[in-house]
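Only this structure's heavy atoms are used, side chains among them; waters, hydrogens and symmetry mates stay out.
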Protein chains: 2
Amino acid sequence: MNEKQKARLLARAEILKALAHPTRLCIVEELEKGERGVGELTDLIGDDMSTVSKHLTVLKNAGLVSDEKRGTAVIYRLRVPCVMNFMGCVEAVLTHRLNEQIALVTGS
Amino acid sequence: MNEKQKARLLARAEILKALAHPTRLCIVEELEKGERGVGELTDLIGDDMSTVSKHLTVLKNAGLVSDEKRGTAVIYRLRVPCVMNFMGCVEAVLTHRLNEQIALVTGS
DNA sequence: AGAATACTTGGCTAATATACCAAGTAACCA
DNA sequence: TGGTTACTTGGTATATTAGCCAAGTATTCT
């Protein structure tokens, strides 16, 4: 494998890593519905606001969300439209896995 | 957020986490081309075979690949057809990000 | 200016992840 | 049966992540 390919894989992996946390997935799903302030997301998630803020930084660094200051509030929004497709595929993996487990239990 | 939703997000995050490593992405891309033994994947990646084997275990536990013993060899194959779609979306994020960086540099 | 609101950042700890080497196991071959 | 091939697993060191609390910053309100 050459350096260029390594860099490409690393870039992709970083985006996946940014999404690979329940809280961050929750944020992304919520932002699909529309822009939200940090306070709203914190209420939804239930962790400390500083924790939510750090998760938002991770998503921002990955290029998945953008932020904008309005008064004292900071409003976050999704920057990419396709994250849901994405999740459709993840769901397909889960379904596939579930079907197998059922097959195991029913012994077919 | 209720427990059921938390479980759903956790399940999705686990799949994303399994994909969120350059070596594992490399393995998945290679397996898109066809089934491969651990040795072949090790040659491609260049890490210790034990390291590659552990990455394969992660992918297997996530339900993304399956394995089969043939003689002394262990052959891995992809279990889900859609991982590439998936990556198409990741690529879209990268392109989006790149365009912005270009816009920044050219000052438009 | 001083207080309040809405975040972000720093500091810390605990948990997880990753890589290597060495040792163990399973199937085949001589 | 003993050796070889092809992996996997255990052990260990290091690095990264995630959470909370406390402190810092920016904007608005009085």
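In this structure, Thr51(B) does not reach the dA19(C) phosphate: none of its side-chain N or O atoms is under 4.0 Å from OP1 or OP2. Using a 4.0 Å cut-off, some side-chain N or O of Tyr76(A) falls inside it from OP1 or OP2 of dT8(C). Close to dT8(C), at under 4.0 Å from its OP1 or OP2, lies a side-chain N or O of Ser53(A). Note on Lys17(A): a side-chain N or O is less than 4.0 Å away from OP1 or OP2 of dT17(D). In terms of phosphate contacts, His21(A) brings a side-chain nitrogen or oxygen within less than 4.0 Å of OP1 or OP2 of dG19(D). In this structure, His55(B) reaches the dA19(C) phosphate: one of its side-chain N or O atoms is under 4.0 Å from OP1 or OP2.
Atom-to-atom, CZ of Arg70(A) to C1' of dT28(D) comes out at 16 Å; the value is rounded to the nearest Å. In this entry the distance linking CG of Asn61(B) with C1' of dT9(D) reads 14 Å, nearest Å.
Judged by distance alone with a 3.5 Å cut-off, a donor-acceptor contact links the side chain of Ser50(B) to the base of dC21(C).
For the pair Ala20(A) and Gly71(A), nearest-nucleotide mapping onto DNA chain D gives the more 5' position to Ala20(A). Nearest-nucleotide mapping onto DNA chain D: of Val52(B) and Val58(A), the residue sitting toward the 5' end is Val52(B).
Considering only the side chain of Met49(B), dC7(D) comes nearest among dC7(D), dT5(D), dG11(C). The listed nucleotides are dC20(D), dA18(D), dT8(C); the one nearest the side chain of Asp48(A) is dC20(D). For Thr72(A), counting side-chain heavy atoms from C-beta on, the closest listed nucleotide (dA6(D), dC7(C), dT5(C)) is dT5(C).
Within the 4.0 angstrom heavy-atom criterion, only backbone atoms of the sugar-phosphate kind lie near Arg24(A); the bases stay farther away. Within 4.0 Å of Lys69(A), counting heavy atoms only, lie sugar-phosphate atoms of the nucleic acid but no base atom.
Leu19(A) and Leu16(B) make their closest contact through O-CD1, 3.5 Å (heavy atoms, listed as atom of the first residue, atom of the second, distance). Nearest heavy atoms, Leu25(B) versus Ala13(A): CD1-N, 3.5 Å.
With contacts defined as side-chain heavy-atom distances shorter than 4.5 Å, the pair Val28(B)/Glu32(B) qualifies.
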